[in-house]
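Single-structure report; data block below.
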Amino acid sequence: MADGVVSFLIQNLSQLLVDEAKLLSGVEGKVKSLISELKFIDIFLKSSEGKRNNNIVKEVVNQIRDVAYEAEDVVDTYVANVSLHRSRSILGKMFHCVGQAMMLHDVDAEIENIKRSIAEIYSNKDKYGIGEGEFQCGGEATPAATEALRKRRRDVEEEDVVGLVHESDTVIKKLLKSDSRLQIASIIGMGGLGKTTLARKIYNSKKVKEKYPFRAWGYVSNEYRAKELLLSLIRCLSTWKSNEESEEELKEHLRECLNGKKYLIVLDDIWKTEVWDDVKGAFPDDNNGSRILITSRIGEVAAYMGTMPPYFLPFLTEEQSWELFSKKVFRGEEDCPPDLKDLGMSIVESCSGLPLAIVVLAGHVSKKEKSLREWSRIKEHVNWLLVHDNNTMVVMDILKLSYDSLPQKLKSCFLYFAIYPEDYEIPARNLIQLWVAEGFIQIPETGTSDTLALEDIAEYYLEELVDRSLVQVASKRSGGGVKTCRIHDLLRDLCVSESKASKFIEIHRELDINKSNSRKMSFHHSTQFSSSPNKNNHFHTHSLFLFGEELTWDDESKGCKQFTKSFKLARVLHLNKVLLDLPPSGLKLMIHLRYLKIKTDSRSAENILDSISNLRNLETLHLSCDWVVSIPIKIWKLKRLRHFNLRIKEISQMSRVTNNERMSNLQTLCEVPLYSETISMLNNNGSFPNLKKLGLCFYPNFQQSSTGAANLSSLSMNHLSKLCTIKIRGDLFNPFSANGFKSTFFPSILEKITLVDFKELDFKALGKLRNLRILKLRRGSTGDGIHCVAGEFPALQMLQMKEVKVERWIQDEGAMPSLSRLIIKGGAVEDLPLHLQSLASIK
């Protein structure tokens, strides 16, 4: 993590020099000098190959990380203090002028101290003989360590793991499919899921042995060496003894062994596509039905090598997990005593269907007394046993291989999953917004399109973690892509352990900031802040997450006081279930905030909105309020705002962007009322040039307002050239009524429309949108019914209707030619066309 920390710091400080030049005046030269020093450390870390792993190296890496954190805090604190000073009145500035001068002196001295610390690290490196290629902690494992881990894994493999009968039959059927060409099948899944066990079961099956007389098994691993792999395959096929040949000679010899023969080759545990590039020339295709079977944690490998669709190995069911556990514990000699079964099943449940964890845990339990007392004690410490116990750590060692193999850009993104509670279903868009706010996502300097947004890169990162079997897709969006995701409990334990060791993230169950020593804190199932009065406030925490119970913090509560005092350098505040009631100055000093998710009430809504308007670095705002509020004009001064999501009972006034201002970074604007100010902003050609997602709503009193319906006819969004998604809630303005549609309402690029609580809908108006792919309708009526003629809805792929009344439905040939999903829930649909019934999922 050290090189990642230093890289992020260099990027952040460099950006700060550009964005906060005025605030840094007086120390700009010192900051530039500090960046230069950090760049040398960064180059040194990145040039390391990590060939040594001892306590001295670890300590040096920890020192680098701590110095980088200290440097970040010094500069951020200075910027915050200067910003506070500049916000004071003239009298206040005069009163604090001495303090301002001292602050300049202090930051100068602190930066010099940091530079001396960096010099000492270099000196210690030389003193203890740590050279290039040895500096980074936790690099690649040695061949001996790899072989030891491989042996430990073999020790816990089950030859006949339950639940693999269906899986082996499925893969064997793929292999035996009548095709004379050489075909490559693949088994994909996370570490410990049983890919090797399944491949071994297939390899040794009678049916496969009869079909493929010549079989060879090659273990690849992350420490792949082409020569060793080729030798292992050759020795499966012949009595070859020599070890002197070159790689090319071995490749040619293997090809000679296989020429004219019908063979099955298993390449187990492939991590890189380069493996296939190295060895594919050794496998002849004699059109005799030969096969290659690979196992991997990484979907990209299967896509690159495979000629057949990959088989994604599932987790064990609850029943299969218990069968495997009891088979290992009782060795098939006896049944589990009835009084232990419920307790045993709860122990197994903690493994979340991962066979390796079940086998290892069962091996531990089998050596213990079979009693309620002993099993209860084991249940209380299951996670500790799997993560920390020397006898069972093989599980975490195997899972950690996936983390160690990640490129540096993905390591922070993966460890970030530690912030979420166990079994939490994570909204992908929210996660992506957090990654962007934390600075994990950077646009490459070269080779990237100018149109590629940070969110697009973050989405690629998430997909890569899914592809590497580290993240599971919980649900998909109607248009494709990840909607929600989750992480296996043991992988989450790995994230928590690695994050704590690197002072990256800490998890707590009570809100005591003095217990944390990390950059990011996540509190689960907490009640209120507690703190030790004799300790200083911890300003080094840059991210705060709260999950669990509903909390209320008013300006007299301990939580509110600690919150306003201790998080002045915060960049992320994800206060998921906290009702904030802050004084007017509440958030104004948190000028580094990039991401803010809060809930407020009527008493402090105006104060909080006024405070938010001063957060010039804010990129994402999620604001909830069960009351009537007005949106101040100052909110549109937040030029870095990318996502503005409102969940407010009612907005009494919506101030607008002035004609000469642009919100160039704004991509998401949701749940805004369509007042005259909103219409003016949307009509303004320059207000939101990069808006991609828009949500409009209508309040009951809108029709009676002086700024209401009379102006609706002037609405035009045709110039919003990047607008892909729109959601309209309420029926006061229905652009898709029989007489309401105008081609200028929406841009031609629009791909998704959601309409909620509408009274009457004209499908012909919707059918004119040439790029519309997804249409969702909820609670409404289609009037006289639906009649789609040829040429309408040319791109529509999905139609979802919930509680929608359709009196009749006529579908001409050539209408909706691309429709592949039709979902109908509730409501009343009469006379659904016959050819649509095969597509429909009706509830």
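Every value quoted in this text rests on a predicted model; they were computed, and no experiment measured them.
- Ion pair Asp610/Lys634 flagged as a salt bridge, since at least one NZ, NE, NH1 or NH2 atom sits closer than 4.0 Å to an Asp/Glu carboxylate oxygen.
- In the model, Thr484 has a side-chain atom that pairs as donor or acceptor with a side-chain atom of Glu425 under 3.5 Å.
- Between the side chains of Asn683 and His719, no donor-acceptor pair is found at a separation under 3.5 Å.
- The side-chain heavy atoms of Val572 and Leu434, taken from C-beta on, include a pair separated by under 4.5 Å.
- Between Met681 and Phe688, some side-chain heavy-atom pair lies under the 4.5 Å cut-off.
- Atom CD of Glu300 has 12 or fewer heavy atoms from other residues, nucleotides or ligands within 6.0 Å.
- Residues meeting the side-chain hydrogen bond (donor to acceptor under 3.5 Å, both in side chains) test with Tyr416, sequence neighbours left out: Glu438.
- Looking at residues two or more places apart in sequence or on another chain, you find a side-chain hydrogen bond (donor to acceptor under 3.5 Å, both in side chains) between Arg779 and Asp757.
- The pair Glu455-Arg429 does not count as a salt bridge, with every side-chain nitrogen at least 4.0 angstrom from each carboxylate oxygen.
- Side chains of Leu694 and Thr725 form no contact here, defined as non-hydrogen atoms less than 4.5 Å apart.
- Remark: Lys764 NZ is packed, more than 12 non-hydrogen atoms of other residues, nucleotides or ligands lying under 6.0 Å away.
- In summary, of the residues considered (Lys597, His622, Arg594, His574), a side-chain hydrogen bond (donor to acceptor under 3.5 Å, both in side chains) with Gln433 occurs for His622 alone.
- Other residues, nucleotides and ligands place no more than 12 heavy atoms under 6.0 Å from the CZ atom of Arg647.
- Using a 30° and 60° split on the angle between ring planes, Tyr420 and Tyr424 fall in the parallel class, below 30°.
- Under the salt bridge (charged side-chain N to carboxylate O under 4.0 Å, His left out) criterion, the residue pairs touching residues 459-475 are Glu464-Arg468, with sequence neighbours excluded.
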Next item on the list: List the steps and the verdict of salt bridge (charged side-chain N to carboxylate O under 4.0 Å, His left out) for Lys727 and Glu671.
Entry: CA-CA 9 Å; Lys727 180 177 181 179; Glu671 288 293 299; 5.0 Å; no

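- Counting heavy atoms from C-beta outward, Ile591 and Arg616 have side chains that approach closer than 4.5 Å.
- Side-chain atoms of His643 and Thr620 include no donor-acceptor pair closer than 3.5 Å.
- Other residues, nucleotides and ligands place no more than 12 heavy atoms under 6.0 Å from the CG atom of Asp784.
- Annotation: side chain of Leu573 is not in contact with side chain of Ile598 (no heavy-atom distance under 4.5 Å).
- Taking 4.0 Å as the cut-off between side-chain N and carboxylate O, Glu751 and Arg773 count as a salt-bridged pair.
- For the side-chain hydrogen bond (donor to acceptor under 3.5 Å, both in side chains) criterion with Asn617, the lone passing option out of Arg640, His592, Lys639 is Arg640.
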